[in-house]
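The block underneath contains the structure these notes are about, expressed in structure tokens.
So that the names make sense, note that chain A is the first sequence line, chain B the second, and so on, each numbered from 1.
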Amino acid sequence: MIKANYKQRKIKMSYKDKVYIEDLAKYAGQEVELNGWVYTKRGKGKLQFVILRDGTGICQCVVFKANVSEEVFANTKSLTQESSIKVKGKVVANERAPGGFELDTSDLQIYQLSTDYPITPKEHGDDFLIRNRHLWLRSSRQHAIMRVRASVIKAVRDFFDNSGFKLQDSPMFTPNACEGTSTLFSTKYFDLGEAFLSQSGQLYAEATAMAMGRVYTFGPAFRAEKSKTRKHLTEFWMVEPEMAFFDLEDDMQLAEDLTVYIVQYVLENCRKELETLERDITKLEAIQGNFPRMSYTEAVGWMNANDIPLTKRVDGKDVEIRPFPWGEDFGTPQEEALMEQFSQPCFIYDYPTEIKAFYMKRNPDNPKVVKAMDMLGPEKAGELVGGSQREDNVELLEERIKAEDLDMTDFAWYVDLRKYGSVPHSGFGMGIERVIKWITGAKHIRETIPFPRMIHRIIP
RNA sequence: UCCUGAGUAGCUCAGUUGGUUAGAGCAUUUGACUGUUAAUCAAAGGGUCCGGGGUUCAAGUCCCUGCUCAGGAGCCA
């Protein structure tokens, strides 16, 4: 007979007793054991300073020759950048230590000695760093951005979970292009032919919203566009709420409330990280709500009042067209010019029907525009949110599907949503990396996701 | 896909009008040092000047071409 093994097991130390650097202040005066990696080491003869990194923070470990065995001191002198170690010692307050506390080391053991760590404490080029992304994540700046990323995502989930929304995941494999415009990644799907990686979970969210009332999907989106800019990724994360009985006004208000919540959450929970990133906090503190709103037509009027032309590329040459013609989409130069006057994000709504997707609701008062909105961020953050009220009229939707030359059989289920209890409904998509880029002040969107996927990069 | 720019030591860069054996800082190795903050000081090792072709007495440097990368346009979140 086998005795239940839980009775024999004596727990000496649980994982809950492990000490991490971010909690060091709680252990002042006590002996603790820390595990981590050597961030840098500075020697001064019989006195060695090991800067230890454990993922939660950094701590200076002081190793004085007279206080440790000869073997431990020799080991300490042999340490190289990013070697993994275990240290024991007393936590003492010291003004000269980064972080205010240091470890008066009594013992130090090496897990593994690292050799020739590529990322030295000096400047490096973009290409080199991104090739070493798996190691670059250990650097203080990248580490701080990733912690902000985790907080942004938590803020998003808390916001929706606490206001009556249900998380409903949309599929990644789809039979068609959701919006019919973007280039998609394709893959073979058994005997059913070609499948595509989803560029948006929206259409499915519309179905789940009709089941649950208010939903959000949160997952990766894939775009095979050959975009080569500092704000595009081929794989990025997007949160897409979808709400029954919401009109475009409600939609914009929700996007605004979500944005304010995220920024305030990061301000409350990531002070240290924003400091590491040298982010101007006052710019974030200004995000309080009451975002300016402007119709597309008003925005065109503003362009022309301020002599901002349409810039287009014709036969390999940049040409400027003025006045800005109604009906053309804004590009980066127009958006940045417009946003210079605002310190908060701004909504632009009621876009021309021709330049927007087939599922957007036509404005009954003016069929030349659809009830779509973009939320542009300040500080050249670009488009953070794009959304719309959805077309809820069966005939108009079918007309648009035909006009876009989309396969009606693929969209039959989508049309069904307008046959069985169609309701006014709205939703939007928020690009998580764009938001993180804005909040952290990162130079490039590739710094806002652990392993960015870009047109010329899939490793690491 | 188009436009613009870049490629020299492990990394970041300098290299004059084309001229003899291509340099610096950091990193690495060795030595000195009891309070360092990107420690300092001394010494050592480290090069397919992106590949190919051309001009020239002579090419890292000039020309052509290919490759790689970056930024921007378009597209978008």
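In this model, a donor atom of one side chain and an acceptor atom of the other lie less than 3.5 Å apart for A:Asn94 and A:Glu102. Side-chain atoms of A:Glu206 and A:Tyr414 form a donor-acceptor pair, as typed in the model, at a separation below 3.5 Å. The closest side-chain donor-acceptor pair between A:Gln142 and A:Glu447 falls under 3.5 angstrom.
Applying the 3.5 Å distance criterion, the base of B:rG35 shares a donor-acceptor pair with the side chain of A:Glu102. Side-chain to base pairing of A:His232 with B:rC75: one donor and one acceptor N or O lie within less than 3.5 Å of each other.
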What does nucleotides 6-13 of chain B look like as a protein-contact string, B for base, S for sugar-phosphate only, - for none, at under 4.0 angstrom between heavy atoms? -----SS-
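The side chain of A:Arg96 approaches B:rG35 more closely than any other nucleotide in the set B:rA73, B:rA77, B:rG35. You'll find that the side chain of A:Val62 is closest to B:rG35, out of B:rG35, B:rG71, B:rG74. Considering only side-chain atoms of A:Phe64, the nucleotide from B:rU34, B:rC75, B:rG71 that sits closest is B:rU34. Set against B:rU36, B:rA70, B:rC76, the side chain of A:Lys44 has B:rU36 as its closest nucleotide. Which of B:rG74, B:rU37, B:rA77 sits closest to the side chain of A:Thr332 comes down to B:rG74.
Residue-to-nucleotide proximity on RNA chain B shows that, of A:Met430 and A:Ala66, the 5′-proximal contact is made by A:Ala66. Toward the 5' end of RNA chain B, the nearer of the two residues A:Gly45 and A:Ala97, judged by each one's closest nucleotide, is A:Gly45.
At B:rG71, none of the side-chain N or O atoms of A:Lys228 fall inside 4.0 Å of OP1 or OP2 (strictly under the cut-off).
For the salt bridge (charged side-chain N to carboxylate O under 4.0 Å, His left out) criterion with A:Asp126, the lone passing option out of A:Lys443, A:Arg131, A:Arg446, A:Arg457 is A:Arg446.
Aromatic ring pairs are classed by plane angle as parallel below 30°, tilted from 30° to 60° and perpendicular above 60°; the pair A:Tyr261 and A:Phe159 is tilted. Taking the six-membered ring where tryptophan is involved, the planes of A:Trp237 and A:Phe218 are perpendicular, since the angle between them exceeds 60° and thus also 30°.
Summarising the base pairing, B:rC13 is matched to B:rG23 through a Watson-Crick or G-U wobble pair whose two defining distances lie under 3.5 Å.
For the pair A:Phe49 and B:rG35, the ring geometry does not qualify as stacking, because the centroid separation below 5.5 Å and plane angle under 30° are not jointly satisfied.
The CZ atom of A:Arg230 sits 21 Å away from the P atom of B:rC76 (whole-angstrom rounding).
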